[in-house]
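Written out below as structure tokens is the structure these notes cover.
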2 protein chains.
Amino acid sequence: MRLTTKGRYAVTAMLDLAIHAGKGPVSLADISERQGISLSYLEQLFAKLRRNELVRSVRGPGGGYQLNREQQDIDVAQVIDAVNESVDATGCGHTGSCHDGNICLTHHLWCDLSSQIHDFLSQISLADLMARNDVRSVAERQERGHMASFEDSLISAKVTA
Amino acid sequence: MRLTTKGRYAVTAMLDLAIHAGKGPVSLADISERQGISLSYLEQLFAKLRRNELVRSVRGPGGGYQLNREQQDIDVAQVIDAVNESVDATGCGHTGSCHDGNICLTHHLWCDLSSQIHDFLSQISLADLMARNDVRSVAERQERGHMASFEDSLISAKVTA
DNA sequence: TTTATAGTTGACTATTTTAGTCGGTTTAAT
DNA sequence: ATTAAACCGACTAAAATAGTCAACTATAAA
């Protein structure tokens, strides 16, 4: 089972994209700053998200990324699958050749668990996440933080001028 | 979230212990051969299982390990927790300091998922696994395999004698 | 009482994955 | 033309996994 910061970063970034939708494309630099994820790492992740047609890109100045479908049509499992290439708890990748070409004692247990996790995550869309109170409040705090640092940069610009 | 061969090995080994209970202690060498897990690695895992009081050991010739509780009182989550020290899908270990000391956008999602997985695994005991058809049939096949290689060793002993 | 068996421990190593960097190239708006 | 952005590939550092190895201790059977 593969569920690490990689998948978490991807979901967080997609949610950031959803939150800032409607105001034109969102640059990875913005996401990087808001969510505290390395820009270069985001590039890697979005290459995969794009190959999986979850986002579309706009190049050039003012460009960035946008969701490629409606928010209710993108679920968390799709995002994690896109960057991890599998949400699989078995060691054999469901082939059943866990032990000398035969299935191991616990093969079916891990299959069951895998589908359990996948079901859970595939029932949660970006729209669902957007509606959650905890997400809304964190997004609001991040907006304020962004504004503050924007004002800071104005002030420091004034000082250095 | 930490769910790799480490946890899978531990559960498989515990199930092997359960299957061969009642005929005295089971040696790690036996488990190693039957389940195809490196002996030295099993030693590491069982050190943790013992510290968590899931198994007890008997030293000396004919010694080995035994379950320390009834089969229905040991669940899969306990075994994985024992070797992995956490079944946690959050990156911050539930502290909520995922991003600059604040919780990240998706913190609660991972908390929910963690408890979902933990619930699922904690509802499955070794006794439950023993009762499954797929487990019984694999165990039977392994028993036959073991017998065959036992007979082989008798034959080769005769030949070399 | 010797001896072989098996657990116990700690240090060490190889491999893989994750996470991230760097340098460059295209592309498109100003 | 300049610049802001996506795009791309190769590279690297750190961590975790999956082991290995050697020395040691306890104990039951011969």
Notebook entry, point to check: To the nearest Å, how far apart are A:Lys6 NZ and D:dA14 P?
Noted result: 19 Å
Check: If you look at every strand shown and take non-hydrogen atoms under 4.0 Å, does B:Ser40 touch a base, only sugar-phosphate, or nothing?
Finding: base
Notebook entry, point to check: Which letter, B, S or -, goes with each nucleotide of nucleotides 3-9 of chain D from 5' to 3', with contact meaning a protein heavy atom under 4.0 Å?
Noted result: BBSBBB-
Check: Can you check the B:Leu45 CG to D:dG19 C1' distance for me, whole Å?
Finding: 10 Å
Item checked: Distance, rounded to the nearest Å, where A:Lys48 contributes NZ and C:dT18 contributes C1' -> 11 Å
Notebook entry, point to check: Whole-Å distance between C:dA6 P and B:Arg56 CZ?
Noted result: 18 Å
Checklist line | Note, A:Ile19 side chain near A:Arg34 side chain (heavy atom, < 4.5 Å) | finding: no
Notebook entry, point to check: Would you say A:Leu39 and A:Val83 are hydrophobically clustered, going by side-chain heavy atoms of ILVMFWY under 4.5 Å?
Noted result: yes
Check: With B:Leu15, which of B:Val76, B:Val79, B:Ile74, B:Val135 fulfils side-chain contact (heavy atoms from CB on, under 4.5 Å)?
Finding: B:Val135
Notebook entry, point to check: Excluding sequence neighbours, so at least two apart, what forms side chain to side chain contact (heavy atoms under 4.5 Å, CB included) with B:Gln72?
Noted result: B:Glu70, B:Ser125, B:Ala127
Margin query: Strictly below 4.0 Å: does A:Tyr9 bring a side-chain N or O up to OP1 or OP2 of C:dG20?
Written below: yes
Notebook entry, point to check: Between A:Tyr41 (OH) and C:dT17 (P), how many Å, whole number?
Noted result: 13 Å
Check: Measuring from B:Leu17:CG to B:Leu49:CG, what's the distance to the nearest 0.5 Å?
Finding: 9.0 Å
Checklist line | base_contact_polar (D:dT17 base, B:Gln44 side chain, donor-acceptor, <3.5 Å) | finding: no
Checklist line | Interatomic distance where CG belongs to B:Leu49 and C1' belongs to C:dG7 [whole Å] | finding: 14 Å
Next item on the list: To the nearest Å, give me how far apart CD1 (B:Ile31) and C1' (C:dA6) are.
Entry: 12 Å
Notebook entry, point to check: Parallel, tilted or perpendicular: which describes the rings of A:Phe46 and A:Tyr65, with under 30° parallel and over 60° perpendicular?
Noted result: tilted
